Amino acid sequence: MRRADRLFDIIEFLRRNKRVVTAQELAEKLEVSVRTIYRDVADLQASRVPIEGEAGLGYVLRSGYELPPLMFTEDEIEALVFGARMVRAWGDAAFTQAADAAVAKIRAVLPERLERIAETTRVTVAPGRTSQKDGYSRHLSPVRRAIRERRKLSIDYEALSGEKSRRTVRPLGLAFFGPFWMLAAWCEKRNDFRTFRIERIGTMKVTEEVFADEKGKTIEDFIARPSESSYSGLPQPHAD
């Protein structure tokens with residue numbers, strides 16, 4: 001590993017952990033000696049990186065420090081481009097525009113070698129649903145907004161059995177089950193958790209009613225249910 005990469009990894013490790021990290025822990029993580037960590041941290045401190053602590057006690061990165069957005073590896077660049085292509089294939093219009101804008105901002109500041117990788121990577125995604133007619137583009141954007149703002153949804157839903165119903169739900173999370181988007185929610189009609197396939201939602205309204213977390217009704221409670229089959233953090237689809 002190049003020393004520049006190692007210095008970057010030290011900063012990233014400290015930034016993610018937000019606690020006192022020992023030199024021994026860093027040495028094991030980066031597969032170098034403790035003495036090397038002492039020297040690297042001293043050089044970072046001399047370069048005004050706000051690392052507090054000292055040899056023998058441990059180190060912590062002062063909150064608020066951010067790295068410049070240029071330190072990407074080749075794998076990270078391909079992952080970002082792949083993610084944007086996934087969103088373009090299976091997301092709504094607003095999601096697609098946001099992903100494209102983010103990748104464009106990143107590519108604008110990349111070194112030439114990495115920019116070329118972003119442009120030529122062959123990691124791609126099969127075409128997905130983008131039609132307004134299938135419910136994906138119509139509903140994904142407002143559902144995402146409702147999850148962020150914690151607003152209840154009023155939906156007309158047709159189950160796989162053909163049964164139709166009107167629900168008021170607390171939207172908790174979205175998961176992509178390829179080729180389906182699934183909404184995890186607390187259903188007030190059933191007084192229990194339910195999942196809904198986005199394309200099977202008919203009319204939908206984001207209400208003005210804001211909900212707060214309640215014990216037993218959160219996304220964490222939903223995921224923790226031992227009876228649920230987990231995939232991407234959400235269970236297999238069912239709604240009755």
Side-chain angles (χ1 to χ4, degrees), residues 1-87 91 95 98-121 123 144 147-150 172-176 184 212-213 215 218-224 230-234:
M1 176 185 291
R2 296 184 307 162
R3 185 166 186 267
D5 293 334
R6 189 173 68 245
L7 295 177
F8 171 81
D9 287 345
I10 289 173
I11 297 172
E12 268 294 279
F13 191 78
L14 292 174
R15 187 176 66 84
R16 289 197 307 268
N17 281 276
K18 298 180 181 179
R19 60 176 174 81
V20 175
V21 177
T22 65
Q24 182 63 45
E25 187 176 354
L26 285 168
E28 293 174 357
K29 175 71 175 178
L30 301 176
E31 299 180 345
V32 295
S33 68
V34 171
R35 184 181 296 276
T36 296
I37 295 298
Y38 288 157
R39 184 171 59 250
D40 287 347
V41 171
D43 289 344
L44 288 169
Q45 290 172 326
S47 300
R48 299 184 182 276
V49 176
I51 297 175
E52 299 176 350
E54 58 185 70
L57 297 177
Y59 303 101
V60 64
L61 184 67
R62 192 183 309 148
S63 62
Y65 180 76
E66 295 293 339
L67 288 165
L70 300 175
M71 301 295 192
F72 292 109
T73 66
E74 294 178 358
D75 285 342
E76 288 167 346
I77 290 299
E78 285 200 322
L80 288 169
V81 173
F82 173 76
R85 289 175 177 175
M86 175 70 80
V87 170
F95 228 9
D100 287 345
V103 171
K105 289 177 182 178
I106 291 170
R107 289 179 62 176
V109 296
L110 286 175
E112 182 179 348
R113 179 181 64 85
L114 292 179
E115 200 281 333
R116 188 164 56 251
I117 290 173
E119 183 178 352
T120 61
T121 178
V123 181
R144 290 191 291 108
I147 292 171
R148 287 196 304 267
E149 298 177 359
R150 299 192 177 194
L172 302 175
L174 274 171
F176 182 64
D213 283 344
K215 186 176 181 181
T218 67
I219 189 65
E220 290 77 18
D221 296 317
F222 180 58
I223 293 171
S230 177
Y231 175 72
S232 297
L234 297 178

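Computed from a prediction, not measured in an experiment: that's the story for all the values here.
- Residues forming a salt bridge (charged side-chain N to carboxylate O under 4.0 Å, His left out) with R148 (at least two apart in sequence, or on another chain): none.
- In this structure the side chain of I10 reaches within 4.5 angstrom of the side chain of L30, judged on heavy atoms.
- Minimum heavy-atom separation, G173 to I219: N-CD1, 4.4 Å.
- Evaluation of the salt bridge (charged side-chain N to carboxylate O under 4.0 Å, His left out) rule for E78 yields no partner, not counting sequence neighbours.
- Across all their heavy atoms, V103 and A84 have their closest contact at CG2-CB, 3.4 Å.
- Under the side-chain hydrogen bond (donor to acceptor under 3.5 Å, both in side chains) criterion, R116 pairs with no residue at all, not counting sequence neighbours.
- In terms of the salt bridge (charged side-chain N to carboxylate O under 4.0 Å, His left out) criterion, E28 has no residue partners (sequence neighbours excluded).
- Heavy atoms only, all atoms of each residue included: F82 and V123 are closest at CD1-CG1, 3.5 Å.
- Shown here are the side chain to side chain contact (heavy atoms under 4.5 Å, CB included) partners of S47, two or more places apart in sequence or in another chain: there are none.
- Residues that satisfy the side chain to side chain contact (heavy atoms under 4.5 Å, CB included) test with R48, not counting sequence neighbours, are absent from this structure.
- In this view, R144 and D92 satisfy the side-chain hydrogen bond (donor to acceptor under 3.5 Å, both in side chains) rule, not counting sequence neighbours.
- With sequence neighbours excluded, no residue satisfies side-chain hydrogen bond (donor to acceptor under 3.5 Å, both in side chains) with T22.
- Side-chain contact between D9 and L26 is absent, with no heavy atoms from C-beta onward closer than 4.5 Å.
- Remark: E220 engages T218 in a side chain to side chain contact (heavy atoms under 4.5 Å, CB included) (not counting sequence neighbours).
- With sequence neighbours left out, E52 forms a salt bridge (charged side-chain N to carboxylate O under 4.0 Å, His left out) with R62.
- Closest approach of F13 to V21, counting heavy atoms only: CE2-CG1, 3.6 Å.
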Quick one: side chains of residues 37-46, donor-acceptor pairs under 3.5 Å with protein atoms, not counting sequence neighbours, listed by atom name and distance.
{"from": "D40", "atom 1": "OD1", "to": "R3", "atom 2": "NE", "distance (Å)": "3.2"}
{"from": "D40", "atom 1": "OD1", "to": "R3", "atom 2": "NH2", "distance (Å)": "3.3"}
{"from": "D40", "atom 1": "OD1", "to": "R6", "atom 2": "NH2", "distance (Å)": "3.3"}
{"from": "D40", "atom 1": "OD2", "to": "R6", "atom 2": "NE", "distance (Å)": "2.5"}
{"from": "D40", "atom 1": "OD2", "to": "R6", "atom 2": "NH2", "distance (Å)": "3.1"}
{"from": "D43", "atom 1": "OD2", "to": "R3", "atom 2": "NH2", "distance (Å)": "2.3"}
{"from": "Q45", "atom 1": "NE2", "to": "I51", "atom 2": "O", "distance (Å)": "3.0"}

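- Other residues, nucleotides and ligands place no more than 12 heavy atoms under 6.0 Å from the CD atom of E31.
- Qualifying side-chain hydrogen bond (donor to acceptor under 3.5 Å, both in side chains) partners for E25, counting only residues two or more places apart in sequence or in other chains: R19.
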